[in-house]
Amino acid sequence: MSALSKVFVALLVVCSLLLSSAVVVFVNKTEDVNRERVAAETKSQDADRRMQVALQEAAAAKGTAVSALDNLQKQTAALQTEINAKQLDISKREAEIATLSAQVSQNTISLTATAEALKASEAQKTKQATQLTEMRQGVDKLTLEKSQLDLALSKTTNELDVMTREWKYAKEQLAESSNTGDKMAKQLKDLGAVPTAEPTGLKAGAPPINGVIREIKTLDDNRQWATISVGSADQVAKGMEFKVIDRSSGTFLGVLTVENVQPNEAVGVLKGPKITEVKVGNEVRTQL
């Protein structure tokens, strides 16, 4: 092989290598261009879609704005109508106010006269109220006096009941004593003795002494005994009789006959119609 052939072969090999490199570079560039084109198309499609959405939203917003504008125009027209009606009503009210002002002027004159009459009426009313107060005070005074009289009457009635019961009991005791006295007088007469009747100061002739029952006992003799709050220091003596009274009701319960006397208390036997009702705290009196 000649040198020229070798040079030609060498050139051929170099050209082949250059061609291969050029083809590889071209292919790579073509793929990059294709990728950029696809990306650009994708971006363009996205931009178109966003533009379509924006156009749709703008159309919807425009429709909403048009509707809102229509509503606003309708509301404005309604408000204007209402304003016109209010102005008409105000005109009517102003006319009514003018009429009422005239009436108020007339009523003021009448009111002044009425106030004078009311003043005179109030003076008369005050006078009548004073008279009514005085009458009420008189009624209260009479009511109080009536209450006091009722209380006094109730007390007198209770005392009368007590005295009536005591009188009945005394009458029974007197009848019994009379029978006993007659028997004793006859016995004394049979014995040749002459009886005398001198006051003992133990029963009806006893001094006025008041006390209360401190204690009640029933002993073996089946008699009911009671201790009272007064004794010899109060002139209490053996044999003295005390009337037992229920202070709350004024009821006469019986008689206590003193059997034993101490300086500040005395003990006696209870007799009478209601001795079972006698209790501690009941009042005892020699005189009613």
Shared hydrophobic cluster, L17 / V9 (ILVMFWY, side-chain heavy atoms < 4.5 Å):
yes

Step through the shown structure and confirm whether more than 12 heavy atoms of other residues, nucleotides or ligands are within 6.0 Å of CD on Q235.
no

Flag the pair P207 / M240 as yes when at least one side-chain heavy-atom distance between them is below 4.5 Å, and no otherwise.
yes

For the student: nearest non-hydrogen atoms of L270 and A226, plus distance:
CD1-CB, 3.9 Å

Euclidean distance, E41 CD relative to D48 CG, rounded to 0.5 Å
11.5 Å

Closer than 3.5 angstrom, by distance alone: can the side chain of S16 be matched with the main-chain N or O of L12 as a donor-acceptor pair?
yes

Can you name the nearest heavy-atom pair linking F252 to K274, along with the distance?
O-CD, 4.2 Å

Examine distances only and state if a side-chain atom of D89 and a backbone atom of A85 form a donor-acceptor pair shorter than 3.5 Å.
no

Atom CZ of residue position R35 - does it have more than 12 heavy atoms of other residues, nucleotides or ligands inside 6.0 Å?
yes

Which heavy atom of A233 sits nearest to which heavy atom of N264, and what is that distance?
CB-OD1, 4.1 Å

dist E36:CD -> K29:NZ (nearest 0.5 Å) comes out at 11.5 Å

How long is the gap from CD on Q287 to NZ on K243, to the nearest 0.5 Å?
5.5 Å

If you measure from CD on Q75 to CD on Q80, what distance do you get to the nearest 0.5 Å?
14.0 Å

I'd like to know if the side chain of T286 reaches the main chain of I209, judged simply by a donor and an acceptor atom lying under 3.5 Å from each other, with no hydrogens or angles considered.
yes

Nearest heavy-atom approach of V261 to K238 is CG2-N, 3.6 Å

Side chain proximity check, R285 to F242, heavy atoms < 4.5 angstrom:
no

Are any non-hydrogen side-chain atoms of I213 and V278 less than 4.5 angstrom apart?
yes

To the nearest 0.5 Å, what is the distance between CG (N210) and CZ (R247)?
9.5 Å

Does any non-hydrogen side-chain atom of E241 lie less than 4.5 Å from one of L256?
no

Side chains of Q224 and I216: does their closest heavy-atom pair fall under 4.5 Å?
yes

Distance in Å, Q131 CD paired with R136 CZ, rounded so as to fall on 0.5 Å steps
13.0 Å

With a 4.5 Å limit on heavy-atom distance, are the side chains of E82 and L79 in contact?
yes

Does a sphere of radius 6.0 Å around CE in M51 hold more than 12 heavy atoms from other residues, nucleotides or ligands, not counting ones at 6.0 Å or beyond?
yes

Within the supplied structure, the quantity of interest is the number of heavy atoms (other residues, nucleotides, ligands) at a distance under 6.0 Å from R214 CZ; does it exceed 12?
yes

Specify the closest pair of heavy atoms between V258 and A266, including all atoms of both residues, with the distance to one decimal.
CG1-CB, 4.0 Å

Which pair of non-hydrogen atoms, one from S232 and one from P263, has the smallest distance, and what is that distance?
OG-CA, 3.1 Å

Do the side chain of T133 and the main chain of A129 share a donor and acceptor less than 3.5 angstrom apart?
yes

Taking N282 for the side chain and K279 for the main chain, is one N or O donor matched with an acceptor at less than 3.5 Å?
yes

Has D234 got a side-chain atom pairing as donor or acceptor with V230's backbone, closer than 3.5 angstrom?
no

Side chain proximity check, N84 to L88, heavy atoms < 4.5 angstrom:
no

Under 4.0 Å between a Lys/Arg side-chain N and an Asp/Glu carboxylate O for K92 and E96?
no

Regarding K217 and E215, does a basic nitrogen lie under 4.0 Å from an acidic carboxylate oxygen?
yes

